[in-house]
Amino acid sequence: MRILVLGGDGYCGWPTALYLSHKGHEVGIVDNFFRRLWDHELGAMTLTPIAPLPDRLRAWTKVSGKSIESFVGDITDYEFVGNIFKAFEPDTVVHFAEQRAAPYSMIDRQHAVFTQVNNVVGTLNVLFAIKEFQPDCHLVKLGTMGEYGTPNIDIEEGFIKIQHNGREDVLPFPKQPGSFYHLSKVHDSHNIAFCCKIWGVRATDLNQGVVYGTVTDEVALHASLVNRFDYDEVFGTVLNRFCVQAAIGHPITVYGKGGQTRGFLDIRDTVRCIELACLHPAQRGEFRVFNQFTEQFSVLQLARMVEAAGKKLGLKVTIDHLPDPRVEAEEHYYNAKHTKLADLGLSSYGHGQRVENEVA
Ligand code: NAD
Ligand code: USQ
């Protein structure tokens, strides 16, 4: 397949591009290096020293004998997006290219507006480019489990059967996102579903849980292929942060009671989920939603697991409960379905574990 990876210089996009290239697909990467710029803005840095994209691509060609084309530019610029579609003619577009940190989107008005404009306009441009230049192209879009929030009922994969006043319908699952970032994903989902309906676009919305880890088989092949690993309080996700805290002797920063429960997956599963979605495309006009995670943990359970793992390594790990800087339920019911990717053949690297929320 000819697969265009938007956001291919990022944490999930880079290992995905390499995995797809390794599997024999023709891969193109699109990125404008916003993510590297936000590090400068925040005074933060990936723990692993990532190489510039041209060096990464040269290293990949050297170790694999395969080449990945790159297109540097901003997907909120429609002319740029249109030109890439004309040049690359993708069968599939995998869209990672968004501002993805909830805390970044909550800094102030400017960051909230930036996040929503960047994410919503970028996705709209991709949808219009599919309609104008490549109507049969399958859009594989990264959404988030956080679109659903934490309702007091089981979370379905995208849709729920509802009976109301004696009538029945299958409707989009209610969305209760917890940040301007998560809201941008809800807006995207609505726009994508609408374009599937009116133009016959084929799309898969992958509601991904929190990703952990950094190494995949491909990024391990050469020092210049190393993936980014964020641990700062804005872009660092919870398990990655806890591991770094344990390693340096910093108390683990559990926000509030730690009963916040989320779906998680190993980065090696992210890349496999994406290929599965590409290989089994949605039908013309179909808007599919897959919940993309393999394990479910509360924040406190993660802290305890990291504490136990640290102990085995001879580290003295302590756990702190800090006031929660976010507005979120610290104790809640959580049971999210995630069978559709498994039905397509996903066998996970994770523990496949569903641990009940011990605080709740
Ligand atoms: P990331 O920030 O590391 O990568 C995103 C990439 O997109 C960056 O390289 C950035 O420069 C690029 N980008 C952003 N805006 C762009 C624009 N307007 N034009 C061109 N390039 C642009 O993020 P990530 O962790 O790799 O996440 C990728 C996607 O997966 C995001 O959509 C995110 O919401 C979703 N996701 C991530 C996680 C996670 O735990 N990391 C979990 C669930 C969903
Ligand atoms: N948390 C702590 N301590 C920390 C950091 C986080 O207790 O030091 C808690 C948060 O309060 C939250 C949970 O851990 O309850 C998860 O936070 P996170 O920063 O790891 O993840 P989140 O903000 O939800 O965002 C991340 C990605 C985002 C993706 C989302 C998937 O940054 O791109 O959409 O995970 S999901 O959580 O399923 O929405």
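This is a predicted model, so every value here is computed, not measured. Ligands are counted one by one from 1 in listed order, and the atoms in each one are counted from 1 as well.
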Using a plain distance cutoff, I'd like to know if [X] has any nitrogen or oxygen under 3.5 Å from a nitrogen or oxygen of ligand 1.
X: R35; value: yes
X: V211; value: yes
X: I75; value: yes
X: T76; value: no

Going by the closest heavy atom to [atom], which one wins out of [options]?
atom: atom 26 (O) of ligand 1; options: G10, C12, G209; value: C12
atom: atom 9 (O) of ligand 1; options: D31, T115, D74; value: D31
atom: atom 27 (C) of ligand 2; options: T237, T150, D232; value: T237
atom: atom 8 (O) of ligand 2; options: T253, L322, L302; value: T253
atom: atom 34 (O) of ligand 1; options: Y11, F96, Y181; value: Y181
atom: atom 11 (O) of ligand 2; options: E147, E328, Q99, K185; value: E328

Using a 4.0 Å heavy-atom cut-off, say whether [X] meets ligand 2 through its side chain, its backbone, both or neither.
X: V299; result: side chain
X: F235; result: neither
X: F293; result: neither
X: R326; result: side chain

Any nitrogen or oxygen of A102, main chain or side chain, under 3.5 Å from a nitrogen or oxygen of ligand 2? no
Could you establish whether [X] and ligand 1 come within less than 4.0 Å of each other, counting only heavy atoms on the residue side?
X: G146; answer: no
X: G143; answer: yes
X: K185; answer: yes

Should the ring pair F264 and F297 be called parallel, tilted or perpendicular, given that the plane angle runs from 0 to 90° and is split at 30 and 60? tilted
Going by the atom numbers of ligand 2, which of them fall below 4.0 Å from some non-hydrogen atom of R262? 15 (O), 37 (O)
Which atoms from ligand 2 have a heavy atom of V238 less than 4.0 Å away? 1 (N), 2 (C), 6 (C), 14 (O), 18 (P), 20 (O)
Distance only, no hydrogens: is a donor on one side chain within 3.5 Å (strictly under) of an acceptor on the other, for Q301 and T261? no
Between Y148 and G158 (side chain of the first, backbone of the second, donor and acceptor by atom type, cut-off under 3.5 Å), is there such a pair? yes
CD of E233: more than 12 outside heavy atoms within 6.0 angstrom? no
List in chain and number order the residues that pass ring pair (Phe, Tyr, Trp, His ring centres under 6.0 Å) with F34, two or more places apart in sequence or in another chain; answer none if no residue qualifies. W38, F114
With a 4.0 Å cut-off on N to O distance, would you call D136 and R202 a salt bridge? yes
Quick check on contacts: which atoms of ligand 1 are under 4.0 angstrom from a heavy atom of [X]?
X: G73; result: 19 (N), 20 (C)
X: F34; result: 11 (O), 15 (N), 16 (C), 18 (N)
X: N118; result: 15 (N), 17 (C), 18 (N)

Pick one: which of F128, F194, F287 meets ring-ring contact (aromatic ring centres under 6.0 Å, His included) with W199? F128
